[in-house]
Amino acid sequence: MKVLVTGSTGFIGNYVVGELLKYDFDIIASGIELKKEVRYKWLKNKVTYIQADLNESREDWFSFFGKPDMLIHLSWQGLPNYKELVHLERNLPNNYLFLKNMVENGLKKMVVIGTCLEYGKQGGALKEDLETKPDNPYAQAKDALRKQMEELQKQVDFNLKWIRLFYMYGKGQSPNSILSQLEAALENGDKVFNMSGGEQLRDYLPVEKVAEYIVKISLQSKVSGV
């Protein structure tokens, strides 16, 4: 099977490619960086890297990427600035046009990464079928993209899995994340670390486990959708 991973040079994408190496797949990794700028070890493990800016227009992205059997779509620019309008003004239309182009040209299996922020500030247990209430541009764009892809399924035959990520940590994470900041404060010997009063409870997964789950969800065929 040939698997395409977009956003492969990002924090999560790097680990997803690494997890896919455990299987006997042809792996195509894509990112906006030039190949000579990519430093990940998987480049030496029979992974084909294709540099591409998915904001660009192309007649047939599916053929450009070698007609993969499955796409794991992690690519999304502008993070972690969740409140920037670029998510609605550029990322939403461009990601939709890219994904639409892929399925219209032959892609049959698609996995898109969503976010827990689609739920908004709802408390308690969250379920897949819970009404979404996104309250920032990033979450609104992701939620709208999911709805657009579900509408597209009514016209084009393809399988869609939508994986909402929650909280994670690991090597390579943005230095602006709270655990990265806490780790830096510990290394610096800081006596005080500014944070909330502890009212918010969060469960964190190591990014390696997140990548493992993404791959397992992508490969199974019993459950689709969110």
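Everything numeric here is computed off the predicted structure, so don't read it as measured data.
Remark: Q155 CD to K100 NZ distance equals 7.5 Å, nearest 0.5 Å. Taking NZ of K161 as the reference point, atom CD of Q220 lies at 5.0 Å (rounded to 0.5 Å). To the nearest 0.5 Å, atoms CG (D143) and OG1 (T132) are separated by 3.5 Å. In this structure, CG in D60 is found 10.5 Å from CD in E104, a value given to the nearest 0.5 Å. In this structure, CG on L152 lies 11.0 Å from CG on D157, to the nearest 0.5 angstrom.
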(message) Run M168 and I12 through side chain to side chain contact (heavy atoms under 4.5 Å, CB included) and show every step you take.
(response) CA-CA 10 Å; M168 68 200 78; I12 304 169; 3.7 Å; yes
(request) Step by step, work out the side chain to side chain contact (heavy atoms under 4.5 Å, CB included) result for K67 and K2. (result) CA-CA 8 Å; K67 299 183 177 181; K2 184 182 292 186; 5.6 Å; no
(message) The test is side chain to side chain contact (heavy atoms under 4.5 Å, CB included); show your working for S8 and Y40 and say whether it passes.
(response) CA-CA 10 Å; S8 64; Y40 293 129; over 6 Å; no
(request) Give the intermediate values and the outcome of side chain to side chain contact (heavy atoms under 4.5 Å, CB included) for residues L182 and F193. (result) CA-CA 7 Å; L182 178 58; F193 182 75; 3.9 Å; yes
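A side-chain contact (heavy atoms from CB on, under 4.5 Å) with L20 is found for exactly one of I214, V215, D26, namely V215.
You'll find the side chain of N55 reaches within 4.5 Å of the side chain of Q77, heavy atoms only. Using a 4.5 Å heavy-atom threshold, the side chains of P206 and Y169 count as touching. Residues N95 and H73 form a side-chain contact, since some pair of their non-hydrogen atoms from C-beta on lies under 4.5 Å apart. Side chains of I217 and V111 form no contact here, defined as non-hydrogen atoms less than 4.5 Å apart. Between H87 and L145 the shortest side-chain heavy-atom distance does not fall below 4.5 Å. Side-chain contact check for Q181 versus M195: every heavy-atom pair is 4.5 Å or farther apart. Using a 4.5 Å heavy-atom cutoff, the side chains of F98 and L71 are in contact. Side-chain contact between V210 and Y15 is absent, with no heavy atoms from C-beta onward closer than 4.5 Å.
Judged by distance alone, the side chain of T6 and the main-chain N or O of L74 form a donor-acceptor pair under 3.5 Å. Not one N or O on the side chain of T48 forms a donor-acceptor pair closer than 3.5 Å with the backbone of I28. No side-chain donor-acceptor contact under 3.5 Å links E19 to the backbone of K216. Of the possible donor and acceptor atoms, none in the side chain of D53 sits under 3.5 Å from a partner among the backbone N and O of I32. Under a 3.5 Å cut-off, the side chain of N188 and the backbone N or O of D190 do not form any donor-acceptor pair. Put simply, the side chain of E89 never gets that close to the backbone of V86: no donor and acceptor are under 3.5 Å apart. The closest donor-acceptor contact from the side chain of K171 to the backbone of V207 lies at 3.5 Å or more, if one exists at all. In this structure a side-chain-to-backbone donor-acceptor pair under 3.5 Å is missing from K133 to Q122.
With sequence neighbours left out, K46 forms a salt bridge (Lys or Arg N to Asp or Glu O under 4.0 Å) with no residue at all. By the side-chain contact (heavy atoms from CB on, under 4.5 Å) test, L43 pairs with K35, V38, Y49, sequence neighbours left out.
Here the closest non-hydrogen pair linking P137 and L85 is CG-CD2, 4.2 Å. Among all heavy-atom pairs drawn from T9 and G31, the shortest one is OG1-CA, 4.1 Å. Smallest separation of non-hydrogen atoms from F11 and G170: CE1-O, 3.7 Å. Among all heavy-atom pairs drawn from A29 and V17, the shortest one is CB-CG2, 4.3 Å. What you find for E128 and V226 is that their closest heavy atoms are CG-O, 3.4 Å. Residues P68 and L107 come closest through the heavy atom pair O-CD1, 3.7 Å.
Ionic pairing of E150 and R146 is present here: one or more N-O contacts between side-chain nitrogen and carboxylate oxygen are shorter than 4.0 angstrom.
Annotation for E59: atom CD does not count as buried by contact number, only 12 or fewer foreign heavy atoms lying within 6.0 Å. When the shell of 6.0 Å around CD of E131 is examined, it contains 12 or fewer heavy atoms from other residues, nucleotides or ligands.
Hydrophobic clustering of Ile, Leu, Val, Met, Phe, Trp and Tyr side chains at less than 4.5 Å, counting indirect connections, keeps M149 apart from I163. Residues L21 and F25 share a hydrophobic cluster, clusters being chains of Ile/Leu/Val/Met/Phe/Trp/Tyr side chains in contact below 4.5 Å. Cluster annotation: M110 is not connected to I113 through the hydrophobic network of ILVMFWY side chains, with a link wherever side-chain heavy atoms come within less than 4.5 Å. Using a 4.5 Å cut-off between side-chain heavy atoms of Ile, Leu, Val, Met, Phe, Trp and Tyr, with links allowed through other members, V47 and I72 fall into the same hydrophobic cluster. Under the 4.5 Å side-chain heavy-atom criterion for grouping Ile, Leu, Val, Met, Phe, Trp and Tyr, L160 is connected to V103 within one hydrophobic cluster.
Contacts classified as side-chain hydrogen bond (donor to acceptor under 3.5 Å, both in side chains) and involving residues 105-119 (residues at least two apart or in different chains) are given here: N101-N105, E118-W162, E118-R164, Y119-R164.
Ring planes of Y138 and W76: perpendicular class, angle over 60° (limits at 30 and 60°). Relative ring orientation between F64 and W61 is described as perpendicular, the plane-to-plane angle rising above 60° on a 0-90° scale split at 30° and 60°.
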